[in-house]
Q: 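Mind having a look at this structure? Questions to follow.
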Protein chains: 2
Amino acid sequence: MYSVAVEDYLKSLWKLGPNNVGTKQLADNLRVSKASATKMILRLAEKELVDHIPYKGASLTKKGELEALSIVRKHRLLETFLSQTLGLGREEIHDEAEILEHALSKNLEMAIADYLGNPTRDPHGHPIPGPNGELYNETDLPLCDSPINMSLIVMQVPDDDPSILSWLENNGIHPGTILKIISRDKFDGGLNVKIGEVKKRISSSIASLVKISFEVEN
Amino acid sequence: MYSVAVEDYLKSLWKLGPNNVGTKQLADNLRVSKASATKMILRLAEKELVDHIPYKGASLTKKGELEALSIVRKHRLLETFLSQTLGLGREEIHDEAEILEHALSKNLEMAIADYLGNPTRDPHGHPIPGPNGELYNETDLPLCDSPINMSLIVMQVPDDDPSILSWLENNGIHPGTILKIISRDKFDGGLNVKIGEVKKRISSSIASLVKISFEVEN
DNA sequence: CACTTATATTAGCCATGGCTAACCATTGTA
DNA sequence: TACAATGGTTAGCCATGGCTAATATAAGTG
């Protein structure tokens with residue numbers, strides 16, 4: 001078993017990956033000093049969880065990646081579980097899961113996955129890695145890069161920013177929402193979209209965090 | 001928020017209380033050295049969580065007791081929640097709750113209590129403290145001290161020893177079981193009991209861990 | 001009362017994981 | 001090419017929470 005801090009570093013590296021991650025980027029992501037990040041990277045390299053090239057950056061080894069995926073799995077299963085059983089909203093579950101993920105045994109993880117019917121997406125639409133780190137559903141596209149005038153289905157919304165999430169929720173955008181891009185602002189990249197008959201404007205920064213798939217016609 | 005270690009010390013002190021608890025007793029309970037226990041007791045005294053009389057022992061202050069009760073509440077709510085939602089057995093839930101209790105926010109605690117209908121007993125029959133540390137159900141008696149030939153209802157079984165718990169479970173003894181003491185062994189204090197029409201022998205060590213109340217005739 | 005035994009404390013070490021301050025390396029631009 | 005600026009590392013400090021070994025106190029016994 002690894003400590004909470006080690007697990008947090010691995011998870012951050014995974015989220016920032018798959019390429020080499022710089023010390024500053026990692027430090028900023030975890031809100032610690034660069035020195036702390038360097039120290040931890042050296043320790044992770046010692047444990048063969050990352051490869052580290054001094055002054056160049058670090059990247060997860062296979063072993064480190066599996067460990068990171070295990071935490072991500074626990075996080076997303078917990079979000080799903082809390083949402084299903086307690087009816088907590090998409091904005092609330094992230095912070096709780098962020099803490100609980102480090103306290104979830106393999107046994108409980110399995111019991112929860114079983115209870116939920118081994119889901120492959122969490123309430124934000126993010127893919128849930130399998131018990132051995134298998135990841136599917138990697139084909140979703142950022143909304144900001146999607147084609148105009150096609151029927152798109154929202155697959156993923158971000159999970160870690162309650163304010164963005166509330167905005168999306170209030171505007172009827174969550175996994176499963178069907179929308180069309182009508183036009184794209186040439187200057188700031190913002191999108192004009194149509195949800196049902198309602199028109200909305202989505203800023204480019206938010207649109208880059210929403211992922212879509214093409215609606216299956218049947 | 002206090003650290004996991006601090007919370008564990010407070011919980012142990014509460015379980016071993018309410019009188020002064022010796023350093024060795026505490027150290028044994030937490031499986032740490034006496035030196036570690038002494039050091040922590042000094043720190044807890046610093047934070048005004050315990051009163052410490054050197055070479056005499058420590059006892060929780062009101063502040064420390066409330067903190068301990070908060071952890072106990074989380075523990076017992078979690079046991080109840082895991083049992084209800086995931087159907088985990090009485091033998092499994094303790095160890096999981098032991099870890100999760102430190103990662104449960106006040107918010108989630110409330111959501112779980114609400115979901116469960118604010119229960120006052122966990123699956124082992126232990127009373128669940130209220131959100132502000134209120135404790136009722138303190139009148140249950142140890143089975144070993146109970147009178148012969150009266151209809152007794154099992155209220156509490158121990159929560160922290162899976163082997164004892166399995167034995168009890170296999171012999172049909174859990175919260176709600178109704179039994180009578182037929183006779184008590186004069187030499188070792190073991191009990192001969194009748195559950196329904198079935199006779200069982202319960203060792204005095206186990207009987208001291210089972211608590212009963214008198215069956216209400218109605 | 002003296003002496004043994006059990007219990008408690010202190011001193012000092014270690015690992016973890018933060019931090020600041022100071023010092024290196026890399027990069028981009030004048 | 002020189003020299004900021006940015007990014008990365010090192011040194012050295014701190015708190016937490018373990019540990020052992022040595023010492024101090026309390027309690028029980030001849």
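Every chain is numbered from 1, with letters handed out A, B, ... down the list of sequences. Keep in mind the model is a prediction, meaning the values are calculated, not measured.
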Q: For residues 43-56 of chain A, which residue pairs pass the side chain to side chain donor-acceptor pair (under 3.5 Å) check, not counting sequence neighbours?
A: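 Listed once each, the pairs would be none.
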Q: Would you please confirm or rule out a distance under 4.0 Å between OP1 or OP2 of C:dT9 and any side-chain N or O of B:His52?
A: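 Answer is yes, contact under 4.0 Å.
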Q: Just the rounded figure in Å: distance from C1' of C:dA8 to CD of B:Gln25.
A: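 After rounding, the reported distance stands at 14 Å.
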Q: With A:Ile128, which of A:Leu116, A:Thr80, A:Asn118, A:Leu135 fulfils side chain to side chain contact (heavy atoms under 4.5 Å, CB included)?
A: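 Per the side chain to side chain contact (heavy atoms under 4.5 Å, CB included) rule, the option paired with A:Ile128 is A:Thr80, out of A:Leu116, A:Thr80, A:Asn118, A:Leu135.
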Q: Between B:Arg184 and B:Asp145 (salt bridge meaning N to carboxylate O under 4.0 Å), is one present in this structure?
A: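 Judged by the 4.0 Å cut-off on N to carboxylate O distance, B:Arg184 and B:Asp145 do not form a salt bridge.
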Q: To the side chain of B:Lys24, which of C:dT7, D:dG8, C:dT20 is closest?
A: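 For the B:Lys24 side chain, the nearest candidate turns out to be C:dT7.
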Q: How many Å lie between NZ on A:Lys39 and C1' on D:dA15, as a whole number?
A: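 About 12 Å, once rounded to whole Å.
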Q: Check each residue of residues 1-9 of chain B for a non-hydrogen atom within less than 4.0 Å of any atom in DNA chain C, then write out the ones that pass by number, or none.
A: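 Those residues: none at all.
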Q: Could you please name the option among C:dG17, D:dT16, D:dC19 that lies closest to any side-chain atom of B:Val32?
A: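 Nearest to the side chain of B:Val32 among the choices is D:dC19.
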Q: Just compare D:dG8, D:dC19, D:dT10 and give me whichever is closest to any side-chain atom of A:Leu42.
A: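 Minimum distance to the A:Leu42 side chain belongs to D:dT10.
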Q: Does atom NZ (B:Lys62) have a neighbourhood of more than 12 heavy atoms from anything else shown, all under 6.0 Å?
A: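 Counting neighbours around NZ of B:Lys62, 12 or fewer heavy atoms of other residues, nucleotides or ligands fall under 6.0 Å, so no.
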Q: Between A:Asn20 (CG) and D:dG7 (P), how many Å, whole number?
A: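 Spelled out: CG on A:Asn20 to P on D:dG7 is 16 Å.
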Q: Tell me the interatomic distance from A:Ile41, atom CD1, to C:dG17, atom P, rounded to whole angstroms.
A: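 Rounding to the nearest Å, CD1 of A:Ile41 and P of C:dG17 are 14 Å apart.
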Q: With a cut-off of less than 4.0 Å, is there a side-chain N or O of B:Lys56 near OP1 or OP2 of D:dA27?
A: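 Answer is yes, contact under 4.0 Å.
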Q: Specify the separation, in whole Å, of atom CZ of A:Arg43 and atom C1' of C:dC14.
A: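 Atom CZ in A:Arg43 sits about 12 Å away from atom C1' in C:dC14.
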Q: With no hydrogens and no angle check, just 3.5 Å: does a side-chain donor-acceptor pair link A:Asn29 and A:Ser12?
A: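 Looking only at side-chain atoms, A:Ser12 and A:Asn29 do form a donor-acceptor pair, the distance falling under 3.5 Å.
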Q: Counting heavy atoms from C-beta on, name the nucleotide in C:dA21, D:dC13, D:dG17 closest to the side chain of A:Ala35.
A: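 The closest nucleotide is C:dA21.
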Q: Looking at B:Lys11 and B:Glu101, is any side-chain nitrogen of the basic one under 4.0 Å from a carboxylate oxygen of the acidic one?
A: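 Here B:Glu101 pairs with B:Lys11 in a salt bridge, since their nearest N and O are under 4.0 Å apart.
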Q: How far apart are the C-alpha atoms of A:Asp122 and A:Arg73, what are their side-chain angles, what is the distance that settles it, and do they pass the salt bridge (charged side-chain N to carboxylate O under 4.0 Å, His left out) test?
A: CA-CA 10 Å; A:Asp122 73 14; A:Arg73 172 172 166 81; over 6 Å; no
Q: I want to check one thing: is the phosphate of D:dT9, taken as OP1 and OP2, less than 4.0 Å away from some side-chain N or O of A:Thr38?
A: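 For D:dT9, OP1 or OP2 has a side-chain N or O of A:Thr38 closer than 4.0 Å.
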Q: Does a side-chain N or O of A:Ser36 approach OP1 or OP2 of C:dG17 to a distance below 4.0 Å, or not?
A: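 It does not, given that no N or O in the side chain of A:Ser36 lies less than 4.0 Å from OP1 or OP2 of C:dG17.
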Q: Side chain of A:Met40 only, heavy atoms from C-beta on: which candidate in C:dC19, D:dT25, C:dG17 is closest?
A: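 Among C:dC19, D:dT25, C:dG17, the one nearest the side chain of A:Met40 is C:dG17.
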Q: Within less than 4.0 Å of OP1 or OP2 of C:dT9, is there a side-chain N or O belonging to B:Thr23?
A: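 Yes, within the criterion.
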Q: Please give, in whole Å, the distance from C:dT7 C1' to B:Leu16 CG?
A: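 In whole Å, C:dT7 C1' lies 16 Å from B:Leu16 CG.
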Q: Specify the separation, in whole Å, of atom NZ of B:Lys47 and atom P of D:dG17.
A: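 After rounding, the gap between these two atoms is 7 Å.
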Q: In terms of side-chain geometry, is the basic nitrogen of B:Lys106 or B:Glu109 positioned less than 4.0 Å from the acidic oxygen of its partner?
A: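 Salt bridge flag = yes for B:Glu109 with B:Lys106.
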Q: Please state how far atom NZ in A:Lys34 lies from atom P in D:dG8, giving the value in whole angstrom units.
A: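 Value for this atom pair: 8 Å.
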